[in-house]
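Single-structure report; data block below.
Basis for what follows: all heavy atoms, side chains included, without hydrogens, waters or symmetry-related copies.
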Amino acid sequence: MPMLDGLGLTSAKALLRHYPGIENAVLDHHGRGDDHRVAAMAIVGTVLTDQIERHYDADQRAAILAQLTDNATPKASKDRLAQAILSAEEVAHLWVENSGADRGLRDLMMSEIIGALQGYGAEERSRRRLHRALSAAVHATG
């Protein structure tokens, strides 16, 4: 799991120790017949937002958010969390472009991560997602 190595989650065993619900999430996705990429994007998004919420204060989150848009700094020179987020986005982008994975799932994963970096909690991110979906539905019919 190269994208999570820098966060101390260097093996499946370490990931399951820190996030025991992941095993059930994988089984749930598999049981529904979801593509493995769907489960991966959902789980990586959940793990990264949790890392942000638990371990990064507002100033650190702002610095990481700035690093995500700083194209002048090499990825290897950025904070480990920024590297993990960029790696997750790169993999998800490749899945969308090359394997037909759902772009909406990639966008949702990144929206959750960016929202957490902006300081929004899970409830606020959910409220904003619902608002965007309802607004899009209204505009599509109007």
Side-chain angles (χ1 to χ4, degrees), residues 1-30 32 34-142:
M1 285 178 292
M3 69 185 71
L4 300 178
D5 284 356
L7 303 176
L9 304 172
T10 56
S11 68
K13 193 177 213 177
L15 185 64
L16 289 173
R17 186 172 52 253
H18 290 298
Y19 297 97
I22 286 177
E23 188 171 8
N24 287 334
V26 170
L27 293 173
D28 287 346
H29 281 282
H30 179 71
R32 288 193 307 259
D34 288 343
D35 184 272
H36 66 280
R37 293 171 290 241
V38 171
M41 284 188 269
I43 291 166
V44 168
T46 299
V47 168
L48 291 175
T49 56
D50 182 68
Q51 290 286 309
I52 293 163
E53 291 172 344
R54 286 182 189 226
H55 304 293
Y56 292 82
D57 65 29
D59 290 337
Q60 291 170 312
R61 290 191 307 265
I64 290 165
L65 195 54
Q67 287 181 15
L68 294 179
T69 57
D70 175 8
N71 294 326
T73 304
K75 185 169 128 181
S77 299
K78 296 181 181 193
D79 180 271
R80 288 181 174 167
L81 179 63
Q83 291 178 31
I85 293 167
L86 290 169
S87 293
E89 197 283 327
E90 288 168 6
V91 169
H93 178 76
L94 287 172
W95 285 344
V96 167
E97 296 301 316
N98 299 329
S99 303
D102 185 345
R103 182 178 305 277
L105 293 173
R106 191 265 326 261
D107 294 347
L108 175 60
M109 177 187 77
M110 291 308 298
S111 174
E112 285 293 296
I113 292 167
I114 299 301
L117 286 169
Q118 292 171 330
Y120 298 120
E123 283 186 35
E124 178 65 14
R125 293 192 310 271
S126 177
R127 188 189 68 71
R128 287 170 170 264
R129 234 182 1 264
L130 180 59
H131 177 71
R132 280 191 306 269
L134 291 175
S135 293
V138 166
H139 291 314
T141 61

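- Applying the salt bridge (charged side-chain N to carboxylate O under 4.0 Å, His left out) test to pairs two or more places apart or on separate chains, none has a residue in residues 60-72.
- Using a 4.5 Å heavy-atom cutoff, the side chains of Y56 and D79 are in contact.
- Remark: of the listed residues L108, D102, D35, L105, L105 is the sole one forming a side-chain contact (heavy atoms from CB on, under 4.5 Å) with M41.
- For E53 (side chain) and D50 (main-chain N/O), no donor-acceptor pair under 3.5 Å exists by modelled atom type.
- E124 is linked by a side-chain hydrogen bond (donor to acceptor under 3.5 Å, both in side chains) to R127, R128, counting only residues two or more places apart in sequence or in another chain.
- Here the shortest heavy-atom pairing between Q83 and A76 reads NE2-O, 3.2 Å.
- A pairwise comparison of heavy atoms in H29 and A42 identifies NE2-CB, 4.0 Å as the closest pair.
- In terms of heavy-atom proximity, I52 sits nearest to I113 at CD1-O, 3.8 Å.
- Taking both residues in full, the closest heavy atoms of A92 and R106 are given as CB-CG, 3.2 Å, listed atom of the first, atom of the second, then distance.
- When the shell of 6.0 Å around CZ of R54 is examined, it contains 12 or fewer heavy atoms from other residues, nucleotides or ligands.
- Contact between A116 and R125 at its shortest, heavy atoms only, is N-CD, 3.6 Å.
- Checked against salt bridge (charged side-chain N to carboxylate O under 4.0 Å, His left out), D28 has no partners two or more places apart in sequence or in another chain.
- The number of heavy-atom neighbours closer than 6.0 Å to NE2 of H55, taken from other residues, nucleotides and ligands shown, is above 12.
- S135 places a side-chain N or O within 3.5 Å of a backbone atom of H131 that can act as its donor or acceptor partner.
- Of all heavy-atom pairs spanning M109 and A88, the tightest one is CE-O, 3.7 Å.
- Looking at Q51 and R80, their side chains never come closer than 4.5 Å, going by heavy atoms from C-beta outward.
- To the nearest 0.5 angstrom, I85 atom CD1 is 9.5 Å from T49 atom OG1.
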